[in-house]
Amino acid sequence: WTSFSEDLPEPVLEFTRQGFLVAAAATGCHVYDTSEKRLKLVKKCRWDESQPLAVMRTDKPHEFAVAFASGKIQIYEIAER
């Protein structure tokens, strides 16, 4: 068993349309490539927002949205593989 995102307390998780796994917590997020049947960290982001309630897919394959407890929804982009 492999652990991941250990520095993100109580993350919310979602897969993007392109198959990336996003783990988001109060301090930021980690984005993992899952294309080779393993987790490869490809992006970290930090924010000064409130606790994320959900990570959501968007209509674009290299984007995801995060809904925060403050009511804000922010869209983030992932570089193409």
Which heavy atom of [X] sits nearest to which heavy atom of [Y], and what is that distance?
X	Y	value
Leu8	Gly28	CD2-O, 3.7 Å
Ser50	Ala69	OG-N, 3.2 Å
Ala25	Pro11	CB-CA, 4.2 Å
Glu63	Thr58	CB-OG1, 3.2 Å

| said: Please list all pairs meeting disulfide (SG to SG under 2.5 Å) that have one or both residues in residues 14-55, counting only residues at least two apart or in different chains. | reply: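 As it turns out, the disulfide (SG to SG under 2.5 Å) pairs with a partner in residues 14-55, which skip direct neighbours, are Cys29-Cys45.
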Holding to side-chain contact (heavy atoms from CB on, under 4.5 Å), I want the full list of residues that pass it with [X], two or more places apart in sequence or in another chain.
X	answer
Ile73	Met56, Ala65, Ala67
Lys43	Val31
Glu14	Val55, Arg57
Arg38	Glu36, Lys40

| message | Thr34 vs Phe20, test: side-chain contact (heavy atoms from CB on, under 4.5 Å). Steps then yes/no. | response | CA-CA 6 Å; Thr34 63; Phe20 291 97; over 6 Å; no
| Can you list the residues that meet the side chain to side chain donor-acceptor pair (under 3.5 Å) rule with Thr27, with sequence neighbours excluded? |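 Scan of Thr27 (side chain to side chain donor-acceptor pair (under 3.5 Å), adjacent residues dropped) gives none.
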Working to the nearest 0.5 Å, report the span between [atom1] of [X] and [atom2] of [Y].
X	Y	atom1	atom2	result
His30	Leu39	NE2	CG	12.5 Å
Gln51	Glu10	CD	CD	7.0 Å
Leu41	Tyr32	CG	OH	5.0 Å

| said: Using side-chain heavy atoms (C-beta onward) and a distance below 4.5 Å, is Thr16 in contact with Ile78? | reply: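 Heavy-atom side-chain distance check passes, below 4.5 Å.
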| Transitively linked via ILVMFWY side-chain contacts under 4.5 Å: Val12 with Leu53? | no
| field | Hydrophobic cluster membership, Val22 vs Phe68, 4.5 Å side-chain cutoff | value |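 Yes, it is one cluster - the side chains of Val22 and Phe68 are joined through contacts under 4.5 Å.
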| said: If the condition is ring-ring contact (aromatic ring centres under 6.0 Å, His included), which residues does Tyr76 pass it with, not counting sequence neighbours? | reply: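 Once residues adjacent in sequence are excluded, the partners of Tyr76 under the ring-ring contact (aromatic ring centres under 6.0 Å, His included) criterion are Trp47, Phe64.
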| Any residue meeting salt bridge (Lys or Arg N to Asp or Glu O under 4.0 Å) with Lys72, in chain and number order, not counting sequence neighbours | Glu49
